[in-house]
Amino acid sequence: MLGMVRLLTPAWTPALLFAGVLLLQGCSLLPSKEAAETDTAASPVAGEGRESKGGEAFTVDVQAPDSVRDFLVRNLEIQRYRQLDDLGAIELSRLMVAAEANARELLNTVGYFTPTLTLELRETPGAKAPREVKITVVPGELTRVSNVQIDFNGPIAEDKASEPRRDAIRVEWPMRAGQPFNQQAWDGAKAAALRNLTARRYATGSILTSRAEIDADRSEAKLGVTLDSGPAYRFGPLVVQGNERLDADSVRRLARVPSGADYDRQQLLDAQQRLAGSGYFESVFLTLDTNDTDPLLAPVIAQVREAPLQKIVGGVGFTTDSGLRLSLDHIHNSMPILGWRAVSGLYLDRDKQSLGTEWAAIPDDSGWRSFGSAQLKSEVSGSYKVDSGRLRGGRSQASDHIDRSLFLQYDYARNHGSFDPPPSASALSLNWGWTGRYFDNAAAPTRGQGISLELGAGYTLTGERAPFTRTYARWVGFVPFGTVENADRTEARRGRIQLRGELGAVVASDTAQIPATLGFLTGGDTTVRGYAYRSIGEVRPDRTVVAGRYLGVASVEWQRPFVYDGKLTDWESAVFVDAGAVADHPRDMQTQVGVGVGARWRSPIGPVQIDVAYGIQVSQFRLHFRLGFTF
């Protein structure tokens, strides 16, 4: 009959209590792979590697506070031996001795340096396994950071102009005094400081020394890091590798690397994104060459693989505004004679069908490029179907935050309907556009704003020749509002208020025949929720709806992080109010209001927006679904 083996390890054990101060020179508290292999090789268990004949030799029951129990269950080495059902009592007893040391090492990594461990081995003949190893853990007091010392070595330490940079690195150090000490947070704090150092100017910065002084008696940790900046770097010339059709100068103009400026990792990533988003390349990778180069003129290496000269891309999508959407695009990356890039596409959905093409040149040294486009479209517009055509040609410029355009545009629109459709119309106009984006994250913003302006002036070409102007402005802003924490207050996330507005006006004589494509309609997923897509417009005496000359839209939405089972999730809740109006005269504008609730999901492919809205004036509920954020 197997007797009970009981190992009791008190909290005060001189061999493990750190009579002095433990120095950790940048190394992990977790046992290294080599150490683990050595421990395994020296293990008294001769049967590791033996295959189980079925069942388990023993079970492991960990009794510990929730803060450490799951961590121990996942990582205890003794768990690996449960399937060896031919283990003898002596072998298992030796395993328990090794498990005690292993558990203590694991607890050290999460900040518990004075635990009390009790290990028991019991017979359980009628249970799942014949024996049970019970490990009872009293973790003791959690070690907290008492002091942090961050020093610098190299040019950053000697340059007075770098003092604000040094202060910023110290201020942004994430592991502050009073916070719990653990190995993962310690490693993460050092990595964050190094990323901060190498983000600008000092591309080859490194951690010279690091130490964590653990006083187990006082449950305190004193942290110290010395960062070596290395030389300060500036962007040199762009060196292109892998290009075939595009010459190096064209790649340089697409990338817009600021040669001569201080090295900035974000600027390098922005240049890489510009090349990747240009459509000319299948893959792009930019690096700063720091090998045996002059730091003040370090080359930027662009490794590229060009996209095929021509390709066809098909797509399927869905929106609650227009239902199923099919698309077919043809891309030509170097048109004969012109050498411009052409993107032509056919798009079909429930309410709109269009065929169009856009040609664009490679930008010049100032970032401006010439472009031209043509489009034929048939779409439901209010109560009527509108067949339209558009020609556009001009110049555009896209920078990191601001897009500009200046172009000449011809519009033609013909309305179809069962009763008294508006007359056909055409117009020629000169237009200017400006868009500024100032978000913290362009794909999923949580703060910042974006604004877009369009100004146009022209003449109608059908019926009376009449001048007109068209103005349109759009704005969206995100303002942090409120903080939500998980149950144990170890993680917090900010909520936000999203504000949105649109204003538009076409100013012309009442008799001027303005193409419907230059007028305004609103309603739908991204404007006034609770109403059908483009269903809010100028209401004629016969109750039909057409595009109007004046537009106003406003929206306020509160987005709040969602907590489930005490933990923050990737979901957010939302409540909102939308309002919009369209009319041919400002005095006739009647506001349509929608209210609702929704959910936001930070999915791997971008933010997902799901809303249920009630249109007050139409007394209807509508479901709205949207993927991604664009401005």
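What you see is a predicted model, and the numbers here were worked out from it, not measured in a lab.
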Listed partners of Tyr233 passing ring-ring contact (aromatic ring centres under 6.0 Å, His included), at least two apart: none
ring-ring contact (aromatic ring centres under 6.0 Å, His included): pairs with one or both residues in residues 534-570, sequence neighbours excluded: Phe481-Trp558
Partners passing side-chain contact (heavy atoms from CB on, under 4.5 Å) against Phe631 (at least two apart in sequence or in another chain): Thr435, Arg437, Phe439, Ser452, Arg474, Val476, Phe629
Validation row: Thr198, Arg265 side chains within 4.5 angstrom (heavy atoms): yes
Test side chain to side chain contact (heavy atoms under 4.5 Å, CB included) applied to Leu246 and Val240, step by step: CA-CA 10 Å; Leu246 280 180; Val240 184; over 6 Å; no
Sub-4.5 Å side-chain heavy-atom contact between Val316 and Leu324: yes
Donor on one side chain, acceptor on other, Tyr347 and Asp329, under 3.5 Å: yes
Side-chain donor-acceptor contact under 3.5 Å, Gln513 with Thr462: no
CZ-CH2 distance between Arg600 and Trp571, expressed to the nearest 0.5 angstrom: 10.5 Å
Under 3.5 Å donor-acceptor, Glu454 side chain and Tyr472 backbone: no
Aromatic ring proximity, centroids under 6.0 angstrom, Tyr459 and Phe468: no
Residue pairs fulfilling ring-ring contact (aromatic ring centres under 6.0 Å, His included) with at least one residue in residues 385-407, sequence neighbours excluded: His401-Tyr438
Residue Arg543 excluded, over 12 heavy atoms near CZ under 6.0 Å: no
Arg392 (side chain) donor-acceptor with Phe371 (main chain) under 3.5 angstrom: no
Side chain proximity check, Arg529 to Arg622, heavy atoms < 4.5 angstrom: no
Min side-chain heavy-atom separation Ile610-Trp601 under 4.5 Å: no
Heavy-atom side-chain contact between Arg245 and Leu309 under 4.5 Å: yes
Heavy-atom donor-acceptor pair, Asp289 side chain to Pro299 backbone, under 3.5 Å: no
Gln590 CD: over 12 foreign heavy atoms closer than 6.0 Å: no
Non-hydrogen atoms of Gly530 and Ala613 that approach each other most closely: N-CB, 3.4 Å
Arg390 side chain to Gln375 side chain, donor-acceptor N/O pair below 3.5 angstrom: no
Between His330 and Gln310: side-chain donor-acceptor atoms closer than 3.5 Å: yes
Test item: side-chain donor near acceptor, Asn196 and Glu172, under 3.5 Å: yes
Pro363 backbone acceptor or donor facing Arg253 side chain under 3.5 Å: yes
Any residue meeting salt bridge (charged side-chain N to carboxylate O under 4.0 Å, His left out) with Glu358, in chain and number order, not counting sequence neighbours: none
Ignoring hydrogens and angles, write down the donor-acceptor pairs under 3.5 Å from the side chains of residues 579-586, residues two or more places apart or on other chains.
from	atom 1	to	atom 2	distance (Å)
Asp584	OD1	Arg549	N	3.2

Close side-chain approach of Arg500 to Val553, heavy-atom, < 4.5 Å: yes
Residue pair Val608 / Phe625, side-chain heavy-atom distance below 4.5 Å: yes
From OG (Ser383) to CG (Asp420), nearest 0.5 Å: 11.5 Å
Side-chain (Asp321) to main-chain (Asp525) donor-acceptor, under 3.5 angstrom: yes
Exceeds 12 heavy-atom contacts within 6.0 angstrom, atom CZ of Arg560: no
